[in-house]
Number of protein chains: 2
Amino acid sequence: MAHVSAEVRRELLVDAAIRVMIRDGVGAATTRAIVGEANMPLGAFHYCFRSKQELLEQVIAAITNTHLDRALEDVTGDGSMEERLLRGVRAYWDHVVRLPEEHRLTYELTQYAARRPGLREVAQRQYATYLAAHTRVLEALADAEHITWSVPEPVLARYFTGLIDGITLLYLNEGDAVTAGASLDLAAQQIASYARSA
Amino acid sequence: MAHVSAEVRRELLVDAAIRVMIRDGVGAATTRAIVGEANMPLGAFHYCFRSKQELLEQVIAAITNTHLDRALEDVTGDGSMEERLLRGVRAYWDHVVRLPEEHRLTYELTQYAARRPGLREVAQRQYATYLAAHTRVLEALADAEHITWSVPEPVLARYFTGLIDGITLLYLNEGDAVTAGASLDLAAQQIASYARSA
DNA sequence: GTCTATAGGAAGATAGAC
DNA sequence: GTCTATCTTCCTATAGAC
């Protein structure tokens, strides 16, 4: 592993940390486990990161970004309001069913972050970002379909975000992907029913 | 602390563990912190519990029970379907706003449990129990009001449970109790709208 | 920068006197 | 049963040779 720049190593370590966390949980992602996963010696850790917390911040940033990049982009395109929402929700759900452990990790990370003074704001910002993303989706839909929402947008955005989050969490812990998918379809229909022609 | 039966000590330690977990998180609830909170010597721990896992199982059982005892019991009584649901949801929400850390602990505990082989089934059972509780609420309402639900009951129960869970989690991490409360009111109206006269 | 070796502390669990 | 002292293991972080 000679002659690999510290910057590249940082990325390799962040990726390795995410793999370990997905496989065994945040608690199992010790510095030893992470450098082991990346095939680096233990000492490499601390000239790439000042501390474990610094790594965690970068892990959270990486996870949040990949999620947002994919966040309900499928509501764009043709079709009625309900069709678009259904398409977006189902694309999200496919991802959850295919990679459940990746989604479990997002919950685990915010929880972990919420308990450490230095990371609490990071957790809060992460959730605020999800809320903002869903708000933007609602705004884009209203714009494209020339409608307004019959419920205040912040309330509807929170309803939407909480619904998706809650049904996902319930599925991760209890199972039954089919019923959960049906509940999400119901959610999309429900949101669509709040559209009023402007 | 002489002459206190091991059985009483077990209860004292479970209560102490819950206090520590609410205050500082599940990760901070070490055997030392727990016996310290209960004003007992370290050695007491292991003649009250075979292991830390045994304590955790009892903590989870205690938390789940206190939550279920209070679960939406307020939907009984007078009023229309929507009034009853609003009453139940608001009673729940009052509790969340008054004791947020207690609710945060339930999420933290299931997550912790979901990662340990010996406790995974406990986490799953906990969520299944919440789902069953909400199903019973829906059934009781349908019965009392002589209606049927226009959506399959398992789907509606999952929708309901996920919605409440998700909005709560979002509030705990992001804040804004007022908007969150409004979203829960919306949830109650929404569920009520699925009633069809039998 | 890169690695080996180790410091320094905290965790769960146990040994053994009383 | 009850408690003190201790064992073992694993953690983050650093020291110091190359």
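Here is how names work: the chains are called A, B, and so on, in the same order as the sequence lines, proteins then strands, and each is numbered from 1.
The shortest distance between the side-chain N/O atoms of B:Tyr47 and the OP1/OP2 oxygens of D:dC3 is below 4.0 Å.
The residue B:Ala6 sits close only to the backbone: its heavy atoms come under 4.0 Å of sugar-phosphate atoms, none of a base.
Distance A:Phe49 CZ to C:dG1 C1': 16 Å, rounded to the nearest Å. Following rounding to the nearest Å, B:Leu12 (CG) and D:dG1 (C1') show an atom-to-atom distance of 16 Å. A:Arg10 has its CZ atom 11 Å from the P atom of C:dT2, to the nearest Å.
Judged as a salt bridge (Lys or Arg N to Asp or Glu O under 4.0 Å), the pairs with a partner in residues 46-62 of chain B (not counting sequence neighbours) are, in order, B:Arg50-B:Glu54. Under the salt bridge (Lys or Arg N to Asp or Glu O under 4.0 Å) criterion, no residue pair touches residues 118-144 of chain A, with sequence neighbours excluded. Contacts classified as salt bridge (Lys or Arg N to Asp or Glu O under 4.0 Å) and involving residues 189-198 of chain B (residues at least two apart or in different chains) are not found. Among pairs with a residue in residues 15-37 of chain A, none fulfils ring pair (Phe, Tyr, Trp, His ring centres under 6.0 Å), at least two apart in sequence or across chains.
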Are any protein N/O atoms closer than 3.5 Å to N/O atoms in nucleotides 12-18 of chain C? If there are, list each pair with its distance.
| unit_1 | atom_1 | unit_2 | atom_2 | d |
| --- | --- | --- | --- | --- |
| C:dG12 | OP1 | B:Lys52 | NZ | 2.8 |
| C:dG12 | OP2 | B:Thr31 | N | 2.9 |
| C:dG12 | OP2 | B:Thr31 | OG1 | 2.8 |
| C:dG12 | N7 | B:Arg32 | NH1 | 3.0 |
| C:dG12 | O6 | B:Arg32 | NH2 | 3.1 |
| C:dA13 | OP2 | B:His46 | NE2 | 3.1 |
| C:dA13 | OP2 | B:Lys52 | N | 3.1 |
| C:dA13 | O5' | B:His46 | NE2 | 3.4 |

Using a 3.5 Å cut-off and no angle test, enumerate the donor-acceptor pairs between side-chain atoms of residues 15-28 of chain A and protein atoms at least two apart in sequence or in another chain.
| unit_1 | atom_1 | unit_2 | atom_2 | d |
| --- | --- | --- | --- | --- |
| A:Arg19 | NE | A:Glu37 | OE2 | 2.8 |
| A:Arg23 | NH2 | A:Glu37 | OE1 | 2.5 |
| A:Arg23 | NH2 | A:Glu37 | OE2 | 3.3 |

Please set out all donor-acceptor pairs under 3.5 angstrom arising from side-chain atoms of residues 152-161 of chain B, sequence neighbours excluded.
| unit_1 | atom_1 | unit_2 | atom_2 | d |
| --- | --- | --- | --- | --- |
| B:Arg158 | NH1 | A:Gly175 | O | 3.2 |
| B:Arg158 | NH2 | A:Glu174 | OE1 | 2.7 |
| B:Tyr159 | OH | A:Tyr159 | OH | 2.7 |
| B:Thr161 | OG1 | B:His134 | ND1 | 2.9 |
| B:Thr161 | OG1 | B:Ala157 | O | 2.7 |

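For B:Asn173, the side chain to side chain contact (heavy atoms under 4.5 Å, CB included) partners at least two apart in sequence or on another chain are A:Ala114, A:Tyr127, B:Arg104, B:Leu169.
DNA chain C lies under 4.0 Å from no heavy atom of any residue of residues 114-123 of chain B.
In this structure, B:Arg9 contributes its side chain and B:Val4 its backbone to a donor-acceptor pair below 3.5 Å.
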